[in-house]
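Below you'll find the structure, written out as structure tokens, and then a few comments.
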Amino acid sequence: MPELAAPLVEWYGRNARDLPWRREGFGAWGTLVSEFMLQQTPVARVIPHLEAWLDRWPTPGALAAEAPAEAVRQWANLGYPRRALWLHRAATEIRDRHGDVVPRDVDALLALTGIGDYTARAVAVFAYGDHHPVVDTNTRRVLARAVAGRGQPGPPSRRDLVDMAAVLPDDVEAAAVVNAAAMELGATVCTARSPRCEACPLADVCRWRAEGYPDTGDTRRRQAKYEGSDRQARGAVMRMLRDAAPSAVPLETIIADWPDRRQRDRAIDSLVVDGLVEASDGLLHLPRGRTGPDSTIPLS
DNA sequence: GATCCGTGGAC
DNA sequence: TGTCCAAGGAT
């Protein structure tokens, strides 16, 4: 295995972007919120939302004190609104289980709603400076190319953590930098579509490059079409409820002109199941949390 | 392990 | 214009 850590550290020192969560003393709560927002949402779209969020809710307890509806509304158009619900839930868990302090232990982090292998280790490493492999889609692509000689990574696997751990130096601070550098390289140089190998610090040791960029077979699955999908219908419902803030909307007026009535009903029903909306007295609204008995009535 | 889950920008 | 992609996680 080629030595990747040293060139990554050197490159990162000169090329790291100045991002909010890399500021000194950004804090574990800020790191956690940023990681939630960055789950499948590009950096450029996250930054303004992140700052507004932390401005409004500087601690987990501040967020937990409000209804989930407020989190979903503040989430705005970041996409995947379940993440807002999960972040609110995680904030409540942090307040109740951890004295309003974001935990440092990976297993404690993994036990929080909406936190998986990536986010748990990202918080432990970037907020607390501990020694763990942090593996996101960028890192997986860098390792796939530089080490495995493949153009694209295979499906995510727990083995990715082992692979990254093998690259990390023993030194705790250096390991954190290597984690960040692998992600940064994948995000800015070793990109999915047109990698800029001429600017890559790993070009000399990259197996994929050395072997002439073989087409190793792309196992990626095509993303389902969005136009006309259930997801689009759900998105339209959520947008309508967000814009109707803070009031409830008569159920029958919700995306009433949606072309496919079955799909429209299915979207609302699934959102209720997910806890993203609640129905009561023929009205639909964002989740208010525990407001008393019978605050939620099944649709059918 | 395969699927589902939003939204918008880049090419 | 359509396709691809984006600091994943839950089921």
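Any value given below was found using the heavy atoms of this structure, including those in side chains, with hydrogens, waters and symmetry copies removed. Treat the numbers as computed from the prediction; the structure is a model and nothing was measured. Every chain is numbered from 1 and lettered A, B, ... according to where its sequence line falls, protein lines coming before strand lines.
Between the C1' atom of B/dG8 and the OH atom of A/Y226 lies a distance of 10 Å, rounded to the nearest Å. We find that NZ of A/K225 is positioned 16 Å from P of B/dC4, with the value rounded to whole Å. Atom pair A/R242:CZ and B/dG6:P shows a separation of 10 Å (rounding to whole Å applied). For the pair A/L87 CG and C/dG8 C1', the computed distance is 14 Å after rounding to whole Å. Atom CG in A/D269 sits about 17 Å away from atom P in B/dC4, given to the nearest Å. Counting to the nearest Å, the C1' atom of C/dG8 and the CZ atom of A/R140 are 10 Å from each other. In this structure, A/Y80 places its OH atom 16 Å from P of C/dT11, rounding to the nearest Å. Rounded to an integer number of Å, the gap from A/W75 CH2 to C/dG8 C1' is 11 Å.
In this structure, A/R242 and A/W75 have side chains that are not in contact, with every pair of non-hydrogen atoms separated by 4.5 Å or more.
OP1 or OP2 of B/dC4 has not a single side-chain nitrogen or oxygen of A/R266 nearer than 4.0 Å. For B/dG6, the OP1/OP2 oxygens have no side-chain nitrogen or oxygen of A/N77 closer than 4.0 Å. Remark: A/R45 is not in phosphate contact with B/dT7, judged by side-chain N or O atoms under 4.0 Å from OP1 or OP2. At least one side-chain nitrogen or oxygen of A/R222 sits closer than 4.0 Å to the OP1 or OP2 atom of C/dC4. Put simply, A/R17 has no side-chain N or O that comes within less than 4.0 Å of OP1 or OP2 on C/dA7.
The separation of C/dA7 from B/dA2, taken at their C1' atoms, amounts to 23 Å, rounded to a whole angstrom. Separating the P atom of B/dG8 from that of C/dA10 is a span of 25 Å, rounded to the nearest Å.
In this structure, of B/dC5, B/dG6, C/dA7, it is B/dG6 that holds the atom nearest to the side chain of A/Q223.
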Under the salt bridge (charged side-chain N to carboxylate O under 4.0 Å, His left out) criterion, do A/E211 and A/R207 qualify, and how do the steps go?
CA-CA 6 Å; A/E211 296 180 357; A/R207 181 173 166 191; 2.9 Å; yes

Start with the C-alpha gap between A/E184 and A/R22, add the side-chain angles, then the distance that decides, and say whether salt bridge (charged side-chain N to carboxylate O under 4.0 Å, His left out) holds.
CA-CA 12 Å; A/E184 185 77 350; A/R22 291 177 179 164; 2.8 Å; yes

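Residue-to-nucleotide proximity on DNA chain B shows that, of A/R193 and A/D274, the 5′-proximal contact is made by A/D274. Each of A/R158 and A/L276 was assigned the nucleotide of DNA chain B with the nearest heavy atom; the assignment lying further toward the 5' end belongs to A/R158.
Counting only distance, with no hydrogens or angles, the side chain of A/R145 and the backbone of A/R209 share no donor-acceptor pair below 3.5 Å. The main-chain N or O of A/V134 is found under 3.5 Å from a side-chain atom of A/N179 such that the two form a donor-acceptor pair. Without hydrogens or angle criteria, A/R97 side chain to A/A108 main chain gives no donor-acceptor distance under 3.5 Å.
Under the 4.0 Å criterion applied to side-chain N and carboxylate O atoms, A/D136 and A/R140 are not assigned as salt-bridge partners.
Heavy atoms of A/R234 sit under 4.0 angstrom from primed sugar atoms or phosphate atoms, though from no base atom. Contacts of A/W86 with the nucleic acid, taken as non-hydrogen atoms under 4.0 Å apart, involve only primed sugar atoms and P, OP1 or OP2. Residue contacts for A/L85: at a heavy-atom cut-off of 4.0 Å it reaches no nucleic acid atom on any strand shown. Within 4.0 Å (heavy atoms only), A/P156 reaches no atom of the nucleic acid at all.
The two residues A/A187 and A/R17 have their closest heavy-atom pair at CB-NH2, 3.8 Å. Scanning both residues, A/G149 and A/P214, for their nearest heavy atoms gives O-CG, 3.8 Å.
If you check residues 22-44 of chain A against DNA chain B, the residues with a heavy atom closer than 4.0 Å are A/Q40, A/T41, listed by number. Within residues 106-139 of chain A, no residue approaches DNA chain B, by heavy-atom distance under 4.0 Å.
Applying the 3.5 Å distance criterion, the base of B/dT7 shares no donor-acceptor pair with the side chain of A/R231.
Few gaps surround CZ on A/R14; more than 12 heavy atoms of other groups in view lie less than 6.0 Å from it.
Between A/R234 and the choices A/D265, A/D274, A/D269, the salt bridge (charged side-chain N to carboxylate O under 4.0 Å, His left out) rule is met once, by A/D274.
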